[in-house]
Amino acid sequence: MNDNNKKINYFPGHYKKTRDAIKEKLKYIDIIYEVIDSRMPISSRIADIDELIKNKKRIIVATKYDLCDKKETDKILDSYKLKGYHIYKCSLINDNLKGLINITKSIMEEEYNKMESKGLNKRKPRVLVMGVPNTGKSTLINKLAGSKKTGTGNTPGFTKNVSWIRLDSIDLMDTPGVLSPRLDNQESAKTLASFGSIKKEVLNLFDISNFILDKMYELYPEALKERYGIERVTDDKIEEYDLIAKRRGALLKGGVADYNKVCLIIIRDLQNGYLGPVTFDRNE
């Protein structure tokens with residue numbers, strides 16, 4: 001079952017289209033909301049975002065903060081602060097996002113001063129929302145709007161087009177999720193797949209679930225023991241899959257483990273937070 005050496009190479013054609021559209025629209029944009037998943041605050045950043053957005057002002061919006069290992073995630077977010085980035089942490093469930101609006105307005109003060117000096121009237125900030133797939137961009141926009149302005153889904157590629165969304169305090173440009181053209185860091189690529197930012201179809205289910213078990217055993221072994229009764233993770237993982245199958249009723253006729261179902265259980269448990277607060281990335 002262990003095939004963790006398989007490389008991920010995933011860059012659908014619509015990603016290039018989105019990247020080209022972002023470059024074309026940047027001239028209308030004041031601020032970038034760079035949306036990342038707090039459980040993978042390094043892997044979920046677009047690797048070449050600096051090249052993509054040039055010198056635009058930026059707020060890194062760390063979503064799903066309620067699901068992450070805050071101690072580890074904060075170490076990484078603090079390193080971004082030292083680089084001069086504005087950081088906003090949110091859960092997207094309980095957060096009203098007023099703090100994000102306040103940061104946005106604060107950043108715009110310099111631009112407003114320039115406009116006043118030229119005799120121009122103030123206008124709403126124009127914000128472009130971008131990030132890798134399935135980090136919560138559409139949910140973020142709906143929370144800001146106070147109503148459902150855009151569709152949401154757990155499948156990468158759910159948002160299809162670049163579009164403006166006019167709100168009372170800001171104008172938002174929603175963009176489909178986008179990855180870097182090359183996924184050179186395979187550890188990051190597998191982390192993205194584990195949390196649903198790369199479609200499951202790109203990798204064999206066993207590759208994703210095996211990676212999750214290995215990573216959890218490395219970083220959070222007690223969570224594996226509590227959830228599945230797993231004391232250790234072996235190379236072939238047959239014992240572990242059989243144990244999970246029995247505990248969760250993932251059995252075929254004759255009591256044989258349904259390994260595909262076990263794979264999906266492991267992936268869903270991670271993504272839904274049932275393995276506890278986790279952060280798969282670490283600062284080097």
Side-chain angles (χ1 to χ4, degrees), residues 17-38 41 44-46 49-66 77 80-81 83-153 157-178:
K17 182 180 177 182
T18 299
R19 293 169 69 89
D20 291 343
I22 288 172
K23 290 178 181 178
E24 195 277 327
K25 300 292 185 183
L26 275 178
K27 57 189 174 185
Y28 304 113
I29 299 300
D30 299 308
I31 298 171
I32 303 291
Y33 285 174
E34 180 191 351
V35 183
I36 66 172
D37 187 324
S38 295
S44 63
R45 297 193 70 197
I46 300 168
I49 188 170
D50 293 338
E51 178 185 343
L52 188 61
I53 68 173
K54 305 301 181 185
N55 60 347
K56 289 292 179 181
K57 294 180 174 64
R58 179 187 332 180
I59 302 172
I60 296 178
V61 182
T63 65
K64 307 180 185 180
Y65 189 68
D66 53 317
L77 296 182
Y80 296 157
K81 286 182 183 178
K83 295 179 180 179
Y85 300 138
H86 298 273
I87 307 293
Y88 186 78
K89 310 168 191 176
C90 58
S91 70
L92 295 183
I93 297 174
N94 301 317
D95 200 314
N96 60 20
L97 304 179
K98 287 182 179 179
L100 179 58
I101 297 297
N102 290 336
I103 297 173
T104 303
K105 290 179 177 178
S106 175
I107 293 174
M108 279 297 292
E109 285 303 317
E110 182 179 345
E111 184 65 25
Y112 287 150
N113 292 335
K114 290 179 183 178
M115 293 170 68
E116 287 180 359
S117 68
K118 296 178 181 179
L120 301 174
N121 294 326
K122 288 185 179 180
R123 56 166 173 74
K124 291 186 290 184
R126 296 169 180 164
V127 177
L128 186 146
V129 185
M130 65 182 298
V132 305
N134 209 26
T135 51
K137 296 183 303 299
S138 296
T139 302
L140 177 73
I141 290 171
N142 289 335
K143 289 283 288 186
L144 286 167
S147 61
K148 193 167 184 178
K149 295 287 185 179
T150 183
T152 60
F158 189 89
T159 301
K160 299 296 184 184
N161 301 302
V162 174
S163 59
W164 281 105
I165 299 170
R166 313 290 181 179
L167 307 181
D168 291 338
S169 55
I170 56 177
D171 287 337
L172 293 174
M173 179 176 286
D174 187 18
T175 63
V178 58

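When reading the values below, keep in mind they use all heavy atoms of this one structure, side chains included, and skip hydrogens, waters and symmetry mates.
Annotation: salt bridge (Lys or Arg N to Asp or Glu O under 4.0 Å) contacts involving residues 57-66, sequence neighbours excluded, comprise E34-R58, D37-K64, D50-R58. The stretch residues 98-117 participates, sequence neighbours left out, in these side chain to side chain donor-acceptor pair (under 3.5 Å) pairs: Y33-T104.
Residues I101 and I170 are in side-chain contact: their nearest non-hydrogen atoms beyond the backbone lie under 4.5 Å apart. No side-chain heavy atom of V35 sits under 4.5 Å from any side-chain heavy atom of M130. In this structure, the side chains of I22 and D20 stay at 4.5 Å or more apart for every pair of heavy atoms. V61 is listed as a side-chain neighbour of L100, based on a closest heavy-atom distance under 4.5 Å. Looking only at side-chain heavy atoms (C-beta outward), W164 and L172 stay at 4.5 Å or farther from each other. Between L128 and D174, every side-chain heavy-atom pair lies at or beyond the 4.5 Å cut-off. Side-chain atoms of V129 and M173, non-hydrogen and from C-beta on, never get closer than 4.5 Å to each other. A 4.5 Å side-chain heavy-atom check between K124 and D168 finds every atom pair outside the cut-off.
Here the closest non-hydrogen pair linking L167 and A145 is CD2-CB, 3.5 Å.
With sequence neighbours excluded, no residue forms a side-chain hydrogen bond (donor to acceptor under 3.5 Å, both in side chains) with Y80. In this view, R123 and D30 satisfy the salt bridge (charged side-chain N to carboxylate O under 4.0 Å, His left out) rule, not counting sequence neighbours. Legend: residues meeting side chain to side chain contact (heavy atoms under 4.5 Å, CB included) with K23, ordered by chain and number and at least two apart, are L52. Every residue two or more places apart in sequence or in another chain that forms a salt bridge (charged side-chain N to carboxylate O under 4.0 Å, His left out) with K27 is listed here: E24.
The environment of Y85 atom OH is dense: over 12 non-hydrogen atoms of other residues, nucleotides or ligands sit within 6.0 angstrom.
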Going through the distances and angles, do D171 and R126 end up as a salt bridge (Lys or Arg N to Asp or Glu O under 4.0 Å)?
CA-CA 5 Å; D171 287 337; R126 296 169 180 164; 5.1 Å; no
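Judged by distance alone, with hydrogens and angles left aside, the side-chain atoms of T63 form a donor-acceptor pair with the main-chain N or O of I36 at under 3.5 Å. A donor-acceptor pair is defined here as one N or O able to donate and one able to accept, closer than 3.5 Å; such a pair exists between the side chain of K143 and the backbone of D95.
Separating the CD1 atom in I165 from the OG atom in S138 is a distance of 7.5 Å, to the nearest 0.5 Å. Expressed to the nearest 0.5 Å, how far CD1 of I59 lies from CD1 of I107 amounts to 4.0 Å.
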